[in-house]
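All of these numbers come straight from a predicted model, not from anything done at the bench. Sequence positions, counted from 1, serve as the residue numbers for this chain.
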Amino acid sequence: MIILGLTGSIGMGKSTAAQMFADLGVPVNDADAVVHSLYQGEAVAPIEAAFPGVTAAGAVDRKELSRQLAENPALFKKLEAIVHPLVRRAEREFLVRQRAKKSPLVLLDIPLLFETKAEDRVDAVVVVTCDPKIQQERVMKRPGMTEEKFALILSRQVPDAEKRAKADYIIDTSGEFDSTRAQVAAIVRQVTSQKGP
């Protein structure tokens with residue numbers, strides 16, 4: 001089974017690309033979706049213990065958690081110590097299920113792939129990129145996004161140029177959806193025919 005790791009900075013179109021892999025029948029494990037479900041389940045109690053007042057109605061209030069992290073970015077380490085092991089476990093369970101199904105190719109969608117050294121766990125890395133102006137336009141359209149918040153997020157991510165330098169494959173989402181779709185399809189064809197990059 002070939003394991004592709006997909007990553008890209010905020011606003012680059014990573015989720016769109018991941019969906020295109022899924023549309024081609026590639027099983028996808030979305031780390032963000034795993035975190036979302038943890039914030040409504042298993043991670044709630046330990047996060048409340050570490051960050052009093054950030055949960056409500058049995059779920060993590062992401063807005064309040066973001067506010068506390070923006071005030072004190074040093075708390076990110078504390079949060080990651082709780083969340084990352086749970087995300088890793090979900091990823092391992094996904095891989096076990098896919099191996100049992102004899103899936104030839106799977107995709108791990110990991111926003112902080114390089115930041116968490118996850119490239120060691122995949123056979124090849126796909127980086128999603130786009131023109132920085134397009135990235136900023138996309139991000140600033142998100143609800144509740146501010147220039148400060150955008151800057152904070154970028155400061156915690158490996159720069160795009162560095163990601164591209166480390167990539168086995170690059171998908172540029174600056175153009176139309178059809179262009180992105182064609183790039184995704186080409187990667188799937190290449191990987192499955194060559195058994196690797």
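- A salt bridge between Glu93 and Arg88 is absent, with no side-chain N of the basic residue lying under 4.0 Å from a carboxylate O of the acidic one.
- Using a 3.5 Å distance cut-off with no hydrogens or angles, the side chains of Thr129 and Asp160 do pair a donor with an acceptor.
- Between Val122 and Val125, the closest side-chain pair of non-hydrogen atoms falls below 4.5 Å.
- A salt bridge does not link Lys117 with Asp120: every distance from a Lys NZ or Arg NE/NH1/NH2 to an Asp or Glu carboxylate oxygen is 4.0 Å or more.
- Cation-pi geometry between Lys163 and Phe114 is not met at under 6.0 angstrom from the ring centre and within 45 degrees of the axis.
- A salt bridge is absent between Lys133 and Glu137: the closest approach of a Lys/Arg side-chain nitrogen to an acidic carboxylate oxygen does not fall below 4.0 angstrom.
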Test side-chain contact (heavy atoms from CB on, under 4.5 Å) on Arg62 and Arg67; report intermediate values, then the result. CA-CA 8 Å; Arg62 295 179 83 126; Arg67 191 189 64 74; over 6 Å; no

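- Grouping the Ile, Leu, Val, Met, Phe, Trp and Tyr side chains by contacts below 4.5 angstrom, directly or via other members, places Val54 with Val44.
- Taking 4.5 Å as the limit, every side-chain heavy atom of Asp61 sits out of range of all side-chain heavy atoms of Tyr39.
- Linking ILVMFWY residues whenever their side-chain heavy atoms come closer than 4.5 Å, directly or via other members, places Leu65 and Val34 in the same cluster.
- At most 12 heavy atoms of other shown residues, nucleotides or ligands fall within 6.0 angstrom of atom NZ in Lys101.
- There is no path of hydrophobic side-chain contacts, each under 4.5 Å, that joins Val184 to Val127.
- Between atom CZ of residue Arg92 and atom CG of residue Asn29 there is a gap of 11.5 Å, rounded to the nearest 0.5 Å.
- Using a distance-only test at 3.5 Å, with no hydrogens or angles considered, no donor-acceptor pair links the side chain of Gln157 to the main chain of Leu112.
- For Glu71, the CD atom sits in a packed shell: over 12 heavy atoms of surrounding residues, nucleotides or ligands are nearer than 6.0 Å.
- By the rule that hydrophobic residues join a cluster once side-chain heavy atoms approach within less than 4.5 Å of another member, Met12 and Tyr169 end up as members of one cluster.
- A single hydrophobic cluster is not seen to contain both Val106 and Val188; linkage of ILVMFWY side chains at heavy-atom distances under 4.5 Å, directly or through other members, places them apart.
- A distance of 5.0 Å separates CG in Leu6 from CG in Leu107, rounded to the nearest 0.5 Å.
- Under the 3.5 Å distance criterion, the side-chain polar atoms of Ser174 are matched with a main-chain donor or acceptor of Asp131.
- Smallest separation of non-hydrogen atoms from Val139 and Gly11: CG2-CA, 3.6 Å.
- Contact of the Ile10 side chain with the Gln135 side chain is registered, since non-hydrogen atoms from C-beta on lie closer than 4.5 Å.
- Counting only heavy atoms from C-beta outward, the side chains of Asp32 and Pro111 approach each other to under 4.5 Å.
- Val128 has its side chain out of reach of Thr7: every pair of non-hydrogen atoms, C-beta onward, lies at least 4.5 Å apart.
- In this structure, Leu4 CG and Leu105 CG are separated by 5.0 Å, a value rounded to the nearest 0.5 Å.
- For Phe177, the CZ atom counts as loosely surrounded, since its 6.0 Å shell holds 12 or fewer non-hydrogen atoms of other residues, nucleotides or ligands.
- Side-chain contact check for Phe150 versus Arg142: every heavy-atom pair is 4.5 Å or farther apart.
- For Ala18 against Val28, the heavy-atom pair with the smallest separation is O-CG2, 3.8 Å.
- Using a 4.5 Å heavy-atom cutoff, the side chains of Leu152 and Leu69 are not in contact.
- Ser103 approaches Met1 most closely through the heavy-atom pair O-CG, 3.1 Å.
- Each of Arg138, Lys14, Gln183 was scored for a side chain to side chain donor-acceptor pair (under 3.5 Å) with Thr173, with one residue passing: Arg138.
- Judged by distance alone, the side chains of Gln19 and Asp23 do bring a donor and an acceptor atom under 3.5 Å apart.
- When only modelled atom types and interatomic distance are considered, Thr116 and Arg121 share no side-chain donor-acceptor pair under 3.5 Å.
- When all heavy atoms are compared, the tightest approach of Ala43 to Leu86 is CB-CD1, 4.1 Å.
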